[in-house]
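Quick notes on the structure that follows.
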Amino acid sequence: MNKIEHLGIAVHDLEASNALFEKLMGVPHYKIEEVASEGVRTSFFKAGPNKIELLQATDDNSPIAKFLEKRGEGIHHIAFAVDDIAAEIERLVQEGFTVLDTTPKKGADNKLVAFLYPKGTNGVLIELCQEAPAQGEELLQ
Ligand SMILES: CC[C@H](C(=O)O)C(=O)SCCNC(=O)CCNC(=O)[C@H](O)C(C)(C)COP(=O)(O)OP(=O)(O)OC[C@H]1O[C@@H](n2cnc3c(N)ncnc32)[C@H](O)[C@@H]1OP(=O)(O)O
Ligand SMILES: [Co+2]
């Protein structure tokens with residue numbers, strides 16, 4: 001694990017939260033991206049080395065929709081940057097963590113991602129992120 005790549009925050013209304021975080025952080029979002037496979041629309045902010053990812057659900061089956069229904073708006077996950085996501089998944093499986101995505105999948109912001117089951121990480125949803133290499137296709141589900 002290299003560093004925290006981003007904090008994911010679940011929100012009801014991406015546009016309203018974009019306006020709020022632009023005021024809060026003093027910078028505009030640098031990207032809005034839909035990840036249909038996750039049922040989310042995301043918006044990214046960067047302040048220094050830190051990123052915030054706002055997430056709105058795009059359908060009722062989205063993990064974000066279920067999270068909002070159960071817990072309301074708030075911090076949804078912590079994403080860590082890793083150099084080699086396949087190796088990190090293997091290491092974490094060996095360490096006894098439950099990895100929800102044993103094959104990395106397409107994330108936002110040009111990443112390959114995988115998630116761990118939060119009940120095995122003190123109730124915090126953990127995401128692994130690797131910069132998607134140009135030939136990332138073979139790693140994608
Ligand atoms: C990929 C695009 C983007 C990126 O950065 O590139 C993203 O970050 S997309 C983010 C959205 N996608 C995901 O979150 C995928 C991984 N998440 C999942 O597979 C599910 O959300 C899962 C398995 C974490 C929970 O699924 P679900 O809510 O349907 O199941 P349960 O209700 O049974 O939950 C099990 C247990 O986990 C607790 N839970 C759920 N979500 C979270 C959370 N975000 N943080 C901490 N804990 C969470 C839930 O409350 C249940 O615990 P319990 O004590 O039984 O209530
Ligand atoms: Co994320």
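Sequential numbering from 1 along the given sequence is applied to the chain's residues.
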**Fill in**
Separation between CG (Leu55) and NE2 (His77), nearest 0.5 Å, reads 5.5 Å
**Request:** Check the pair Lys66 / Asp60 against salt bridge (charged side-chain N to carboxylate O under 4.0 Å, His left out), numbers first and verdict last.
**Result:** CA-CA 7 Å; Lys66 289 191 76 171; Asp60 292 343; over 6 Å; no
**Request:** Mind checking ring pair (Phe, Tyr, Trp, His ring centres under 6.0 Å) for His76 and listing every partner two or more places apart, or none if nothing turns up?
**Result:** Phe67
**Message:** Tell me every residue that passes ring pair (Phe, Tyr, Trp, His ring centres under 6.0 Å) with Phe21, counting only those two or more places apart in sequence or in another chain.
**Reply:** none
**Tyr30 side chain reached by Asp109 side chain, heavy atoms, under 4.5 Å** = yes
**Prompt:** What residue pairs, at least two apart or across chains, pass side chain to side chain donor-acceptor pair (under 3.5 Å) with a residue in residues 34-43?
**Reply:** Glu15-Arg41, Asn18-Ser43, Glu38-Lys105
Identify the two heavy atoms, one from [X] and one from [Y], that lie closest to each other, and give their separation to 0.1 Å.
{"X": "Met25", "Y": "Lys46", "result": "CE-C, 4.4 Å"}
{"X": "Met1", "Y": "Leu92", "result": "CE-CD1, 4.3 Å"}
{"X": "Asp59", "Y": "Gly39", "result": "OD2-CA, 3.7 Å"}

**Prompt:** Can you check salt bridge (charged side-chain N to carboxylate O under 4.0 Å, His left out) on Lys111 and Glu127, steps first, answer last?
**Reply:** CA-CA 11 Å; Lys111 298 285 185 304; Glu127 175 184 357; over 6 Å; no
**Request:** Report yes or no: does Ser62 contribute a side-chain atom to a donor-acceptor pair with the main-chain N or O of Thr58 at less than 3.5 Å?
**Result:** no
**Message:** Checking the side chain of Glu53 only, and the main-chain atoms of Phe44 only, is there a donor and an acceptor separated by less than 3.5 Å?
**Reply:** no
**Neighbour count above 12 (heavy atom, 6.0 Å) for Asp84 CG** = yes
